[in-house]
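So the structure is just underneath, and the comments pick up after that.
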Amino acid sequence: QVQLVESGGGLVQAGGSLRLSCAASGRTFSSYHMGWFRQAPGKEREFVAAVSRSVGYTSYADSMKGRFTISRDSAKNTVYLQMNSLKPEDTAVYYCAASQKISLSASRLQYDYWGQGTQVTVSL
């Protein structure tokens with residue numbers, strides 16, 4: 001089992017940047033695919049980005065490509081989401097998730113563990 005704690009959210013103006021962090025407990029961090037999802041008020045939770053457990057293969061939702069970068073640091077048991085050129089529509093609660101499934105996935109159903117989320121608000 002793994003516990004996930006997100007941090008780094010906050011209020012930023014449109015065009016600004018934020019870096020989210022997700023600290024994972026336990027020794028088996030390297031055995032999990034890691035993902036970021038987000039949920040805006042009244043909307044379903046949607047995929048943002050994911051990084052594989054071994055070679056660090058990454059996957060992004062189309063609307064985040066070129067603006068967001070996911071990375072992981074196994075020495076620190078932490079996964080990051082660097083968000084640049086933020087827009088008001090990026091406002092949401094951002095969740096970190098861990099998957100033990102064989103393949104990297106954009107489906108929230110494939111993730112086994114979730115953090116509590118961190119709020120990101122982008123103002124005009």
Side-chain angles (χ1 to χ4, degrees):
Q1 189 169 353
V2 63
Q3 293 183 329
L4 306 172
V5 179
E6 303 95 335
S7 61
L11 175 63
V12 64
Q13 288 188 327
S17 298
L18 280 175
R19 188 176 81 155
L20 305 183
S21 299
C22 173
S25 65
R27 303 184 197 177
T28 58
F29 174 73
S30 60
S31 67
Y32 295 95
H33 299 309
M34 300 299 296
W36 285 97
F37 290 77
R38 69 185 187 185
Q39 188 166 17
K43 295 187 177 181
E44 291 192 353
R45 194 168 298 188
E46 66 173 347
F47 173 72
V48 173
V51 59
S52 67
R53 55 175 156 246
S54 55
V55 296
Y57 175 79
T58 58
S59 177
Y60 296 91
D62 287 343
S63 61
M64 286 70 164
K65 287 180 181 177
R67 297 192 301 126
F68 291 8
T69 302
I70 189 171
S71 61
R72 65 190 297 161
D73 185 336
S74 294
K76 296 182 178 180
N77 279 11
T78 301
V79 62
Y80 303 99
L81 183 69
Q82 177 67 44
M83 304 186 295
N84 299 327
S85 302
L86 283 162
K87 307 174 182 178
E89 50 264 43
D90 293 318
T91 295
V93 177
Y94 284 70
Y95 297 90
C96 174
S99 171
Q100 294 178 293
K101 303 301 188 294
I102 294 175
S103 300
L104 191 64
S105 175
S107 169
R108 66 181 188 267
L109 300 178
Q110 298 299 308
Y111 287 79
D112 306 290
Y113 304 102
W114 293 84
Q116 293 299 307
T118 185
Q119 176 70 47
V120 171
T121 303
V122 184
S123 64
L124 289 169

Is there a path of hydrophobic side-chain contacts, each under 4.5 Å between heavy atoms of I, L, V, M, F, W or Y residues, that connects [X] with [Y]?
{"X": "Phe47", "Y": "Leu4", "answer": "no"}
{"X": "Tyr32", "Y": "Tyr111", "answer": "no"}
{"X": "Leu18", "Y": "Val122", "answer": "yes"}
{"X": "Phe68", "Y": "Val12", "answer": "yes"}
{"X": "Val2", "Y": "Met34", "answer": "yes"}

Measure from NZ or CZ of Arg108 to the centre of the six-membered ring of Tyr95 and say whether it is under 6.0 Å with the direction within 45° of the ring axis.
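So Arg108 doesn't make the cation-pi contact.
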Taking the cut-offs as 6.0 angstrom to the six-membered ring centre and 45 degrees off its axis, would you call Arg45 and Phe37 a cation-pi pair?
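Not satisfied by the 6.0 Å and 45° rule.
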Is the closest side-chain heavy-atom distance between Gln119 and Leu11 below 4.5 Å?
no
Would a distance-only check, ignoring hydrogens and angles, find a side-chain to backbone donor-acceptor pair under 3.5 Å from [X] to [Y]?
{"X": "Thr69", "Y": "Gln82", "value": "no"}
{"X": "Ser99", "Y": "Gln110", "value": "yes"}
{"X": "Arg72", "Y": "Ser52", "value": "yes"}
{"X": "Glu6", "Y": "Gln116", "value": "yes"}
{"X": "Arg53", "Y": "Ile102", "value": "yes"}

Please step through side-chain contact (heavy atoms from CB on, under 4.5 Å) for the pair Tyr113 and Gln100, ending with a clear verdict.
CA-CA 9 Å; Tyr113 304 102; Gln100 294 178 293; 3.9 Å; yes
Without hydrogens or angle criteria, can the side chains of Arg38 and Tyr94 be said to hold a donor-acceptor pair below 3.5 Å?
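Yes, Tyr94 and Arg38 have a side-chain donor paired with an acceptor closer than 3.5 Å.
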Salt-bridge contact Asp62-Lys65 (side-chain N to carboxylate O under 4.0 Å):
yes
Assess whether atom NZ of Lys101 is packed by more than 12 heavy atoms of other residues, nucleotides or ligands within 6.0 Å.
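Enclosed: over 12 neighbouring heavy atoms sit under 6.0 Å from NZ of Lys101.
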Leu124 atom CG, neighbour heavy-atom count above 12 within 6.0 Å:
no
Can you name the nearest heavy-atom pair linking [X] to [Y], along with the distance?
{"X": "Ser17", "Y": "Ser85", "value": "OG-N, 4.4 Å"}
{"X": "Ala92", "Y": "Ala40", "value": "CB-N, 3.8 Å"}
{"X": "Val93", "Y": "Gly117", "value": "CG1-CA, 3.8 Å"}

What's the spacing between [X] [atom1] and [Y] [atom2] if we round to 0.5 Å?
{"X": "Lys76", "Y": "Ser21", "atom1": "NZ", "atom2": "OG", "result": "9.0 Å"}
{"X": "Asp90", "Y": "Ser63", "atom1": "CG", "atom2": "OG", "result": "7.5 Å"}
{"X": "Ser25", "Y": "Asn77", "atom1": "OG", "atom2": "CG", "result": "8.0 Å"}
{"X": "Met83", "Y": "Trp36", "atom1": "CE", "atom2": "CH2", "result": "8.0 Å"}
{"X": "Leu81", "Y": "Ser71", "atom1": "CG", "atom2": "OG", "result": "8.5 Å"}
{"X": "Lys43", "Y": "Glu89", "atom1": "NZ", "atom2": "CD", "result": "8.5 Å"}

Take Asp112 and Gln1, measure what side-chain contact (heavy atoms from CB on, under 4.5 Å) needs, and give me the verdict at the end.
CA-CA 9 Å; Asp112 306 290; Gln1 189 169 353; over 6 Å; no
